[in-house]
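Written below as structure tokens is the structure these notes are about.
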Amino acid sequence: MKRLRFILIGGFLGAGKTTAMGRLARHYVGRGQRVGLVTNDQAQDLVDTNSLRAQGFATEEVAGACFCCRFDDLVGKVGQLQSGERPDVILAEPVGSCTDLVATVVQPLRDLYGDRFDVAPYPVLFKPSQGLRILRNESGSGFSPKAAYIFRKQLEEADAIVINRIDEMAAAERKELAELTAKEYPGTPVLQLSAKTGEGFEALTELLDQRGAFGRKVLDIDYDVYAEGEAEMGWLNAAAAVKASQPFDLDALLMRLVARLREAFAGLGVEPGHLKVIGLRDGSFGVANLVSSGTRPELSLPSRGRVAEAEVIVNARVAADPAEIERQVRQALASVSREYGATAEVRSLQSFRPGRPTPTHRYAAAK
Ligand SMILES: Nc1nc2c(ncn2[C@@H]2O[C@H](COP(=O)(O)OP(=O)(O)OP(=O)(O)O)[C@@H](O)[C@H]2O)c(=O)[nH]1
Ligand SMILES: [Mg+2]
């Protein structure tokens, strides 16, 4: 079997990993390579898997725990892609609240599966909306110091830190952020990217084409702080059937749903890490997102469709009690559907706090 290029794209919740993966997948396909994608989440019903599949990419998911705790599943899903799509490149997206991926995923892949995988340098996307305040040690990032600890640890193990969303930043702001990041993480290259517009994309693909001593920054990390930080994030995945007697504007409903939840969480004073919804119907789909309390809701992928029926999947990662998130999501689904003359029947729903990570493998030092 030929060796696969294995690319892991890190970054905090809502940093832009899935957007970057879609762009990378199109780039590799454009250069004549076959691509397989692997998504990851703590539970079933993933917006990302549905969105990437709807974009036409062969996508498998590891659902139920992070790659580090489901390492064999990750290898198994890549095997499935190999026997189906026969990819040259694998793009894998870990859970955005996960860290210590070099010790638990990159190193084991290299050491145990070096004959099958050629692991690329590990980039971590930087999320400016919350990250700037975390790096400046300012209060008001919306997250506790333990969640901020995870954010910082993610950057510490990166082969390159990729400041994303530069399309929204003035030149002076970009410069300040790049300097601050370089000062905090000396020796780590800092790239600037807009995963959305493609600005700065070439530097990312050049990095990912490099070979050498990468994926070696094994963290010194306190798993108690990590686990407590992760557990502060309430998690909800839900799938609902939304049905009306008359066709409604699917994108407007998705945006209204995100806006309604934004208002609800702002009212409770809790910070969203990432709130995303996808609406699916007959091969057409739309995605709407909210990545922080200070960012506007966005229709990232429009369906431009009117439908009388859609499957709506909600993934919410919010620094709040999971029972409260569930209450808000159920209410929002019901009231927003009503506004569009529809009803929402929740078919599955899981809400919880992520459990303590117990990695399958952990390398204490790079091999
Ligand atoms: N303006 C702008 N928005 C971006 C950019 N990259 C991603 N986004 C938006 O940010 C939101 C989150 O992007 P995703 O790619 O879903 O982020 P993610 O890191 O995969 O999120 P999780 O999987 O939930 O951790 C979406 O609304 C994207 O459209 C960018 O470069 N510029
Ligand atoms: Mg994602």
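Note that ligands are numbered from 1 as they come in the structure, with each ligand's atoms numbered from 1 the same way. We use all heavy atoms of the structure for the numbers below, so side chains are in, but hydrogens, waters and symmetry mates are not.
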Distance-only side-chain donor-acceptor flag, Glu85 / Gln80, under 3.5 Å: no
Short side-chain donor-acceptor distance under 3.5 Å, Tyr28 and Asp88: no
Proximity of Tyr122 and Phe6 rings by center, below 6.0 Å: no
Heavy-atom donor-acceptor pair, Gln210 side chain to Pro121 backbone, under 3.5 Å: no
Atom CG of Asp209 with >12 non-hydrogen neighbours under 6.0 angstrom: yes
Metal-centred angle, the Mg ion (ligand 2) as apex - OG1 of Thr18, OD2 of Asp48, 10° resolution: 90°
Options Glu168, Lys17, Lys276, ranked by nearest heavy atom to atom 18 (P) of ligand 1, top entry: Lys17
Top protein contact for atom 8 (N) of ligand 1, by heavy-atom distance: Arg165 NH1, 3.7 Å
Greater than 12 external heavy atoms within 6.0 Å of Arg304's CZ: no
Ligand-residue contact atoms, ligand 1 with Thr19, heavy atoms, under 4.0 Å: 7 (C), 13 (O), 14 (P), 15 (O), 28 (C)
Atom 16 (O) of ligand 1 - nearest protein heavy atom and its distance: His274 CE1, 3.3 Å
Closest protein heavy atom to atom 17 (O) of ligand 1, given as residue, atom name and distance to 0.1 Å: Gly16 N, 3.1 Å
Side chain, backbone, both or neither: Val95 near ligand 1, heavy atoms under 4.0 Å: neither
Within-shell test, Gly14 vs ligand 1, heavy atom, strictly < 4.0 Å: yes
For Leu13, the ligand 1 atoms whose distance to one of its heavy atoms is below 4.0 Å: 25 (O)
N/O separation below 3.5 Å, Arg317 to ligand 1: no
Closest Glu93 atom to the Mg ion (ligand 2) [N, O or S only]: OE2
Heteroatom proximity flag, Ala15 to ligand 1, N/O under 3.5 Å: yes
Region of Asp167 engaging ligand 1 - heavy atom pairs below 4.0 Å: side chain
Gln350 and Glu326: side chain donor to acceptor below 3.5 Å: no
Exercise: identify the closest heavy-atom pair between Ala342 and Val242: CB-CG1, 3.7 Å
Contact (N/O only, under 3.5 Å) between Ala195 and ligand 1: yes
Atom 6 (N) of ligand 1 - nearest protein heavy atom and its distance: Asn164 ND2, 3.1 Å
Backbone or side-chain N or O of Val291 under 3.5 Å from ligand 1 N or O: no
From Met21, Glu93, Lys127 - option closest to atom 23 (O) of ligand 1 by heavy atom: Glu93
Shortest heavy-atom approach to atom 30 (C) of ligand 1 - which of Glu298, Lys196, Arg23: Lys196
Within 6.0 angstrom of Arg86 CZ, more than 12 heavy atoms from elsewhere: no
Exercise: do Tyr340 and Asp249 side chains pair donor with acceptor under 3.5 Å: no
Tyr185 ring center near Phe126 ring center (under 6.0 Å): no
Ala20 N/O to ligand 1 N/O under 3.5 Å: no
Atoms in ligand 1 with a heavy atom of Ser300 nearer than 4.0 Å: 27 (O), 29 (O)
Interatomic spacing from CZ in Arg306 to CZ in Phe248 - rounded to 0.5 Å: 9.5 Å
